[in-house]
Amino acid sequence: MNPSNYLKIKNKIPSNVNILAVSKGFKSQEIKTIQNIGQNDFGESKFQEAFEKQLILKDLKQIKWHFIGQIQRNKIRKIVQNFKYIHSVDSFEKLQKISNISYQEKKNPLIMLQIKFSDDPTKGGFNPELLIMQWREIKKLRNITLTGLMTINPRGLSSKENLKLFKKCRALADSLQLPDCSMGMSGDWEEAIEAGSTWLRLGSLIFGDRF
């Protein structure tokens, strides 16, 4: 692990773009090292792994935990209890459940809705047209704060194809008056910035290879 990689990227990106350090598969000590040089937002995709790290690092009050993995219905309460940000809500039914549990738990998570812009069977997400149709109902849900959209492009796209899909996400977020787009990972973050990303999800680019 080389902290200078993180600092190089941090210096390259515009001030309105946030880095979400994807710490899944990395040890608590590595999170601590990056946090010591100014990174406070960390993304996890498996609840149990994340919860163990949260316990170990509980004294680092500045850390903000983001859930970015596929949401299992039976884990929603635990996710609501332990994460301030949830990037990967991929259906209206899950969003409703998050809203109901947040009300019971007196929480108000910041939500990004996962959108699917291409026919990729390995990825979930709202269909963009369906999201627009459901938007009025979505806006009525309580105890959640909708901040933006999240998307994951299929692997193997050209730079031009990545940019095109990211621009669709930014345009949809703008039409819904949502400020954030969580898009761009270690292989396509530059195109994501060009398209208007506000959150880059970077793992191996910061931490190196996973254990």
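None of these values were measured; they are calculated from a predicted model.
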Which atom of Ile56 lies closest to which atom of Ser28, heavy atoms considered: CD1-OG, 3.6 Å
Spatial distance of atom [atom1] ([X]) from atom [atom2] ([Y]) [nearest 0.5 Å]:
{"X": "Ile98", "Y": "Phe83", "atom1": "CD1", "atom2": "CZ", "answer": "12.0 Å"}
{"X": "Asn100", "Y": "Asn143", "atom1": "CG", "atom2": "CG", "answer": "9.5 Å"}
{"X": "Lys24", "Y": "Phe67", "atom1": "NZ", "atom2": "CZ", "answer": "10.0 Å"}
{"X": "Gln35", "Y": "Glu30", "atom1": "CD", "atom2": "CD", "answer": "14.5 Å"}
{"X": "Lys107", "Y": "Ser99", "atom1": "NZ", "atom2": "OG", "answer": "15.5 Å"}
{"X": "Leu172", "Y": "Phe117", "atom1": "CG", "atom2": "CZ", "answer": "5.0 Å"}

Anything under 3.5 Å between a donor and an acceptor, one on a side chain of residues 188-195, the other on a protein residue two or more places apart or in another chain? List them.
residue	atom	partner	partner atom	Å
Asp188	OD1	Met185	N	2.6
Glu191	OE2	Ser159	OG	2.8

Taking only residues two or more places apart in sequence or in another chain, which ones pass side-chain contact (heavy atoms from CB on, under 4.5 Å) with [X]?
{"X": "Gln72", "result": "Asn74, Lys75"}
{"X": "Pro154", "result": "Ser118, Asp120, Leu157, Leu165"}
{"X": "Ser158", "result": "Lys160, Glu161"}

Sub-4.5 Å side-chain heavy-atom contact between [X] and [Y]:
{"X": "Leu146", "Y": "Ile111", "result": "yes"}
{"X": "Met112", "Y": "Thr147", "result": "yes"}
{"X": "Ile31", "Y": "Leu60", "result": "no"}
{"X": "Met150", "Y": "Trp199", "result": "no"}
{"X": "Leu131", "Y": "Leu176", "result": "yes"}

Sequence neighbours left out, cut at 3.5 Å: what donor-acceptor pairs do the side chains of residues 86-97 make with other protein atoms?
residue	atom	partner	partner atom	Å
His87	ND1	Ser182	OG	2.8
His87	NE2	His66	ND1	2.8
Ser88	OG	Gly69	O	2.5
Asp90	OD1	Lys94	NZ	3.2
Ser91	OG	Lys94	N	3.2
Lys94	NZ	Ile71	O	2.9
Lys97	NZ	Arg73	O	3.4

Which residues pass the side-chain hydrogen bond (donor to acceptor under 3.5 Å, both in side chains) test with [X], sequence neighbours left out?
{"X": "Thr145", "value": "Asn108"}
{"X": "Asn153", "value": "Asn162"}
{"X": "Gln81", "value": "Glu105"}

ILVMFWY clustering at 4.5 Å (side-chain atoms), partners of Tyr103: none
Met183: hydrophobic cluster co-members (side-chain, 4.5 Å): Phe166
Hphob cluster co-occupancy, Ile101 + Trp65, side-chain heavy atoms under 4.5 angstrom: yes
Residue pairs passing the salt bridge (Lys or Arg N to Asp or Glu O under 4.0 Å) test where at least one lies in residues 32-44, sequence neighbours excluded: Glu44-Lys53
Residues forming a ring-ring contact (aromatic ring centres under 6.0 Å, His included) with Phe51, sequence neighbours excluded: Phe47
